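Since we're looking at a predicted model, the values are computed, not measured.
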Amino acid sequence: MAGSTPGTAQGRPPLRRRIALIPTVTLFLGAIYCLLPVAWVVIAATKSGRELFSTFTFLPGTGFAGNFRDLSAYRDGVYWEWMGNSALHAGLGALLSACVSAFSGYALAIYRFRGRETIFNVLLAGVLMPPVILAIPQYLLLAKADLTDSFLSVLLPQILSPYGVYLARIYAAAAVPADVVEAGRMDGASEWRIFTRIALPMMIPGMVTVFLFQFVAIWNNFLLPYIMLSDDEKFPITLGLFTLLEQGANTPALYTLVITGAFLAVLPLVALFLVIQRFWSLDLLSGAVKS
């Protein structure tokens with residue numbers, strides 16, 4: 001038994017190491033599954049129309065510069081109009097949504113009033129409701145207001161985000177101490193000054209997260225613009241690429257433009273995530289130092 005005990009002890013660590021590798025291997029396989037389509041788009045965007053259908057899938061091509069020129073010249077640069085529409089919708093919509101979420105989340109977390117929990121539960125129900133269910137009612141309401149086929153028809157439904165309000169409420173409850181709010185009131189500060197000067201700086205990391213989520217959601221949104229808009233010059237990038245893909249069924253040469261456009265449409269999201277992630281990390285660090 002004295003001889004078997006060391007062997008058993010020696011046999012345990014390798015088994016534990018193998019078990020510990022399971023989450024790492026699972027995450028690695030998940031990363032491959034998610035990044036493989038992205039890699040295909042990046043590589044396919046470098047291929048000309050002839051190379052796209054005649055070369056190995058993951059073999060880079062030599063046609064990216066030509067694809068970029070053709071895409072920019074297509075219908076006098078309508079692709080960049082679609083890109084600008086998406087940037088305007090997503091940027092302004094995410095900013096307004098983050099502001100509304102900050103106001104609403106702070107009020108639900110700090111103030112005590114009748115019906116507060118009912119309002120919060122209704123917001124939770126809104127989080128669970130698929131957007132496709134709301135698209136038709138939103139169209140009917142905006143049609144009554146004669147706002148369809150306009151910039152506001154895509155912007156207004158995106159301003160109020162139930163998930164953003166939920167995140168803001170949870171973050172405000174955790175990040176804004178009630179004692180700090182009471183101290184501000186005792187010093188004679190107004191509620192607006194307490195929110196803007198005390199609470200909002202503490203909530204900035206959470207609001208940056210809400211902004212990022214909403215920006216990505218609005219940028220990738222397809223159904224709402226598809227229902228609301230009819231003028232193709234007002235299309236966002238998702239709807240514009242969809243119409244270009246439909247035309248590619250009759251004109252295969254447009255497939256390279258669709259793929260190149262999809263690759264270029266991902267770049268702003270990647271750049272925004274990298275910039276905001278850096279800002280988010282710095283803000284969390286500064287908040288920890290101040291506290």
Side-chain angles (χ1 to χ4, degrees), residues 37-55 57 60-97 135 139 142 146-159 211-212 214-276:
V38 178
W40 181 86
V41 170
V42 173
I43 295 173
T46 65
K47 298 183 179 182
S48 63
R50 181 180 57 82
E51 294 172 337
L52 182 63
F53 298 102
S54 61
T55 60
T57 302
T62 58
F64 178 76
N67 294 339
F68 183 83
R69 286 194 300 269
D70 293 341
L71 181 63
S72 299
Y74 177 75
R75 289 183 52 192
D76 297 327
V78 70
Y79 174 82
W80 299 110
E81 292 184 16
W82 296 338
M83 186 77 82
N85 293 336
S86 287
L88 187 59
H89 289 151
L92 185 58
L95 181 62
L96 293 175
S97 180
Y139 173 80
L142 291 173
D146 197 22
L147 290 176
T148 55
D149 196 26
S150 66
F151 173 75
L152 291 177
S153 65
V154 180
L155 177 66
L156 292 178
Q158 307 285 353
I159 293 178
F211 176 86
L212 179 61
Q214 274 300 99
F215 189 96
V216 174
I218 299 173
W219 185 275
N220 294 330
N221 192 9
F222 171 80
L223 181 61
L224 186 64
Y226 181 76
I227 293 175
M228 295 293 182
L229 302 177
S230 58
D231 184 0
D232 61 352
E233 292 185 357
K234 299 177 182 177
F235 285 175
I237 192 66
T238 51
L239 191 54
L241 289 177
F242 173 74
T243 58
L244 196 60
L245 181 62
E246 281 189 326
Q247 297 173 18
N250 300 321
T251 310
L254 294 179
Y255 282 136
T256 56
L257 302 188
V258 175
I259 295 172
T260 305
F263 167 66
L264 295 176
V266 173
L267 297 182
L269 296 180
V270 175
L272 177 68
F273 180 80
L274 294 176
V275 171
I276 283 186

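- Taken from CH2 in W219 to OG1 in T238, the straight-line distance is 9.5 Å, to the nearest 0.5 Å.
- Note that OG1 of T62 is 9.5 Å distant from CG of N67, once rounded to the nearest 0.5 Å.
- Residues A45 and T260 share a closest heavy-atom pair of O-OG1, 3.8 Å.
- Under the 4.5 Å side-chain criterion, counting only non-hydrogen atoms from C-beta, W82 is in contact with T243.
- A donor and an acceptor atom, one from each side chain of T57 and W40, are nowhere located under 3.5 Å apart.
- The shortest side-chain heavy-atom distance between F235 and P225 does not fall under the 4.5 Å cut-off.
- With contacts defined as side-chain heavy-atom distances shorter than 4.5 Å, the pair L241/Y79 qualifies.
- Classified by interplanar angle (parallel below 30°, tilted 30° to 60°, perpendicular above 60°), the ring pair F211/F215 is tilted.
- Nearest heavy atom pair, residue H89 against residue K234, reads CE1-O, 4.2 Å.
- Taking OG1 of T148 as the start and CD1 of I227 as the end, the distance is 12.0 Å to the nearest 0.5 Å.
- The shortest heavy-atom contact between S86 and I237 is OG-N, 2.6 Å.
- The minimum heavy-atom distance between E51 and G61, with the atom names listed, is OE1-CA, 3.5 Å.
- Below 30°, between 30° and 60°, or above 60°: for F263 and F64 the angle between ring planes is above 60°, a perpendicular geometry.
- Within the 4.5 Å cutoff, no side-chain heavy atoms of D232 are placed close to those of V78.
- Using modelled atom types, one side-chain atom of N85 and one backbone atom of E81 make a donor-acceptor pair closer than 3.5 Å.
- Taking both residues in full, the closest heavy atoms of L52 and A44 are given as CD1-CB, 4.0 Å, listed atom of the first, atom of the second, then distance.
- Annotation for L224 and S153: closest pair CD2-O, 4.3 Å, computed over non-hydrogen atoms.
- Here CD of Q158 is found 11.5 Å from CG of L96. Values are rounded to the nearest 0.5 Å.
- Here the CE atom belonging to M83 is positioned 5.5 Å from the CG atom belonging to L264, to the nearest 0.5 angstrom.
- Y74 contributes no side-chain N or O that, together with a main-chain N or O of L257, makes up a donor-acceptor pair within less than 3.5 Å.
- Residue T55 holds its OG1 atom at 10.0 Å from CD1 of I43, rounded to the nearest 0.5 Å.
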